[in-house]
Amino acid sequence: MNSGIIQSVRGMNDILPTASETWRYVEQTIHEVVALYGYGEIRTPIVEKTELFSRSIGEQTDIVEKEMYTFVDRNQDSLTLRPEGTASCIRAGISHGLLYNSTQRWWYLGPMFRHERPQKGRYRQFHQFGVEAIGWPGPDIDSEVISLGHALWRALGLVGLRLEINTLGSLESRRQYTDALKIFLSDNYSDLDEASTFRLDQNPLRILDSKDPNTKALLSNAPVMGDYLTAEDKAHFDLLCRQLDILRIDYHINNRLVRGLDYYTGAVFEWIVPGEGSQNSVCGGGRYDNLVQQLGGSSTPAAGFACGLERLINLVEEQQNRRQSDAVVDIWMVLLGESATLTGHALAEDLRRKGMRVICNCGGGTIGKQLRRADQSGAHYAVIIGDKELESNAITIKGLRIAEEQSGIPLEKAVDFLDAQLKNVTTSR
RNA sequence: GUGAGCGUGGCCAAGUUGGUUAAGGCGCCAGGUUGUGGCCCUGGAGAUCGAGGGUUCGAAUCCCUUCGCUCACCCCA
């Protein structure tokens with residue numbers, strides 16, 4: 001590469017026209033599914049005060065410790081490009097007074113930023129679709145957000161996603177469990193891998209999903225969260241499981257499932273794709289009953305999830321075999337000469353007003369050249385305007401997908417004529 | 001942050017026991033066909049072989065440095 005060429009920032013990708021078609025398809029499907037569940041869209045700023053994320057996600061998480069895009073602005077405020085969407089939603093809900101003695105069903109979709117080493121399914125600017133259901137304490141809302149995700153996979157024609165669920169319990173039961181786990185792990189300190197010894201003080205629950213073989217082996221004898229749950233925690237989780245049964249959504253209880261963000265409480269879940277390597281988590285979420293209060297609101301229960309668009313689109317491409325293509329047009333105007341160009345552009349506007357998709361040949365060229373471009377564009381018809389047509393005040397049309405050519409179509413009848421022709425061919429308009 | 005692999009025209013690439021003009025395909029342009037596309041044929045343009053340095057009579061090829069991309073670890077969506 002020439003050193004004078006400016007490249008995009010590492011891990012931040014361009015989505016070119018051929019690929020954006022799949023993105024639009026996925027986004028439109030999301031719009032349809034959230035509408036079915038009555039969720040409203042919320043759009044929050046991409047930049048927030050750094051404190052919002054450090055307080056909600058947790059100081060000792062990887063995200064806050066080493067992955068945030070943080071900078072000081074001209075007012076000396078510390079700002080951060082959002083690494084996830086939930087904190088902003090709750091901040092917005094609190095500051096607009098929408099969460100007080102009230103309930104909300106929201107969804108969002110947009111770019112997020114984390115400074116990690118890029119690899120397949122993981123980028124520094126990536127996109128998340130997420131939902132937040134705020135104000136309901138019971139497991140009915142947990143199963144609702146899970147089934148919303150499930151509905152999306154179905155609408156996208158995706159198969160093979162595996163739902164794993166767990167419960168982290170309420171604050172008290174989690175504290176008791178954490179204490180027991182700490183004692184157990186401290187007693188077996190020498191068997192822990194290095195990263196886990198570091199987490200022992202800060203965030204012992206995260207040791208549970210360690211991938212180190214020795215630590216994994218050790219954990220098979222460790223205390224289990226299930227034994228520390230209060231009766232209430234248990235009832236909530238059991239009811240969630242029963243609701244999933246009734247909805248006929250298959251799930252697997254994974255008592256090692258721990259989320260990487262500190263605000264989660266109670267039921268948590270993750271949709272994973274077996275065999276997709278380590279970036280196999282397409283969607284993760286759960287309850288966060290303390291977050292609203294933690295960010296200065298009144299105590300309000302909530303649940304939600306976030307779904308990685310790049311990973312989802314990856315699956316769509318693998319499973320759906322969708323053809324990627326540039327925009328296709330109905331009509332290509334072949335224009336021979338200056339006055340033909342003027343006439344042709346005017347006719348094109350009339351055609352577009354009728355809803356036909358039209359490209360006018362630009363840059364001149366012989367009729368052969370222009371027809372070649374017309375053919376390659378994927379258009380159904382070429383409209384030819386040259387000296388002959390101008391003389392008789394008519395146009396010539398030529399089918400590009402079927403053998404058909406007609407000349408002498410009066411200019412004033414051209415719009416209706418082409419409209420009728422196009423209705424005979426299947427278009428994706 | 002750690003490790004591995006890879007950087008050759010716009011794109012896909014062959015070529016790496018060092019040897020003269022760096023294959024081929026796609027795309028692009030022109031012509032065969034001066035108002036008729038696809039298929040075919042012919043010709044053409046387009047490369048400081050990622051960058052910098054070194055070894056050598058000679059480097060895409062060997063050595064060093066550096067940048068970039070990809071994948072994996074870690075972590076997460």
Side-chain angles (χ1 to χ4, degrees), chain A residues 1-11 13 16 18 57 61-67 82-86 109-130 149 193-196 198-199 203 206 209-212 257-261 264 269-273 276-285 304-315 332 334-337 340 361 363 365-379 381-391 396-405 407:
Chain A
M1 269 301 161
N2 188 315
S3 55
I5 293 172
I6 297 173
Q7 297 184 304
S8 68
V9 176
R10 187 164 160 79
N13 302 313
L16 302 175
T18 44
I57 296 169
T61 58
D62 280 13
I63 292 176
V64 172
E65 273 179 349
K66 51 189 191 193
E67 293 173 4
R82 62 184 187 191
E84 61 102 45
T86 300
L109 190 159
M112 307 292 165
F113 302 84
R114 292 183 200 172
H115 192 106
E116 297 177 270
R117 194 87 169 250
Q119 72 185 71
K120 190 178 183 202
R122 191 179 74 184
Y123 306 101
R124 290 187 175 179
Q125 174 173 331
F126 62 106
H127 296 76
Q128 283 188 335
F129 154 62
D193 61 286
E194 200 185 334
S196 294
F198 187 70
R199 282 183 190 139
N203 207 338
R206 300 258 316 282
D209 64 357
S210 168
K211 273 136 195 152
D212 182 82
L257 179 64
V258 183
R259 316 291 351 280
L261 288 72
Y264 285 107
F269 62 90
E270 203 165 307
W271 290 92
I272 64 171
V273 183
E276 277 289 311
S278 57
Q279 311 307 324
N280 64 354
S281 173
V282 176
C283 174
F305 68 70
C307 169
L309 265 280
E310 281 81 359
R311 292 178 188 181
L312 197 58
I313 284 167
N314 206 10
L315 285 179
W332 184 284
V334 172
L335 305 171
L336 306 165
N361 184 79
T366 62
I367 185 168
K369 184 80 231 172
Q370 294 195 33
L371 278 170
R372 184 173 148 81
R373 290 180 191 143
D375 180 48
Q376 289 185 332
S377 77
Y381 286 97
V383 167
I384 303 171
I385 304 178
D387 292 344
K388 265 192 228 167
E389 286 77 11
L390 289 174
E391 264 171 44
T396 298
I397 78 161
K398 185 177 173 65
L400 296 167
R401 310 292 146 226
I402 45 171
E404 177 192 3
E405 179 163 346
S407 52

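First the proteins, then the strands, lettered A, B, ... as listed; each starts at 1.
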In this structure, how many angstroms lie between the P atom of C76(B) and the NZ atom of Lys66(A), rounded? 9 Å

Those residues that, when tested against Glu389(A), pass salt bridge (charged side-chain N to carboxylate O under 4.0 Å, His left out) (two or more places apart): none

Rounded to the nearest angstrom, tell me the gap between atom CD in Glu391(A) and atom C1' in G35(B). 13 Å

If you look at every heavy atom in Pro118(A) and Gly11(A), which pair is closest and at what distance? CG-CA, 3.8 Å

Distance in angstrom units between Lys120(A) NZ and A4(B) C1', rounded: 17 Å

Selection from G3(B), G35(B), C74(B) that lies nearest to any side-chain heavy atom of Arg122(A): C74(B)

In whole angstroms, how far is the P atom of G35(B) from the NZ atom of Lys388(A)? 9 Å

Please tell me which of Glu270(A) and His115(A) maps to the more 5' nucleotide of RNA chain B, matching each residue to the nucleotide holding its nearest heavy atom. His115(A)

Give one of base, sugar-phosphate or nothing for Tyr381(A), where a contact means two heavy atoms less than 4.0 Å apart. nothing

Side chain Gln370(A) and base U36(B) donor-acceptor under 3.5 Å: no

Side-chain donor/acceptor contact of Glu405(A) with base of G37(B) under 3.5 Å: no

From NZ of Lys398(A) across to P of U36(B) the rounded distance in Å is 10 Å

Leu261(A) CG - C75(B) P separation (whole Å): 14 Å

Indicate, with a heavy-atom threshold strictly under 4.0 Å, whether Gly121(A) touches base, sugar-phosphate, or nothing. base

Just to confirm, is there a sub-4.0 Å distance from OP1 or OP2 of C71(B) to any side-chain nitrogen or oxygen of Gln119(A)? no

May I have the distance from Ile6(A) (atom CD1) to G68(B) (atom P), rounded to whole angstrom? 14 Å

Is there a side-chain contact between Arg10(A) and the phosphate of C69(B), meaning an N or O under 4.0 Å from OP1 or OP2? yes

Which nucleotide, G68(B), U36(B), C75(B), lies nearest any side-chain atom of Gln7(A)? G68(B)

Taking any heavy-atom pair under 4.0 Å as a contact, classify Ala374(A): base, sugar-phosphate, or nothing. nothing

Looking across every strand, which nucleic acid part, if any, lies under 4.0 Å from Glu65(A) by heavy atom: base, sugar-phosphate, or nothing? nothing

With 3.5 Å as the limit, what N/O pairs link the protein to nucleotides 26-31 of chain B?
from, atom 1, to, atom 2, distance (Å)
C28(B), OP1, Gln376(A), OE1, 3.2
C28(B), OP2, Arg372(A), NH2, 2.6
C29(B), OP1, Lys369(A), NZ, 3.0
C29(B), OP2, Lys369(A), NZ, 2.6

When rounded to the nearest Å, what value does the distance between P atoms of G54(B) and C74(B) take? 42 Å

From CD of Glu67(A) over to P of G1(B), roughly how many Å is that when rounded to an integer? 13 Å

Please write out the pairs of protein N or O atoms and N or O atoms of nucleotides 41-43 of chain B separated by less than 3.5 Å, giving the distance to one decimal.
none

Kindly say whether, by distance alone, the side chain of Arg311(A) makes a donor-acceptor pair under 3.5 Å with the base of C76(B)? yes

Once hydrogens and angles are ignored, does a donor-acceptor distance under 3.5 Å link the base of G38(B) to the side chain of Asp375(A)? no

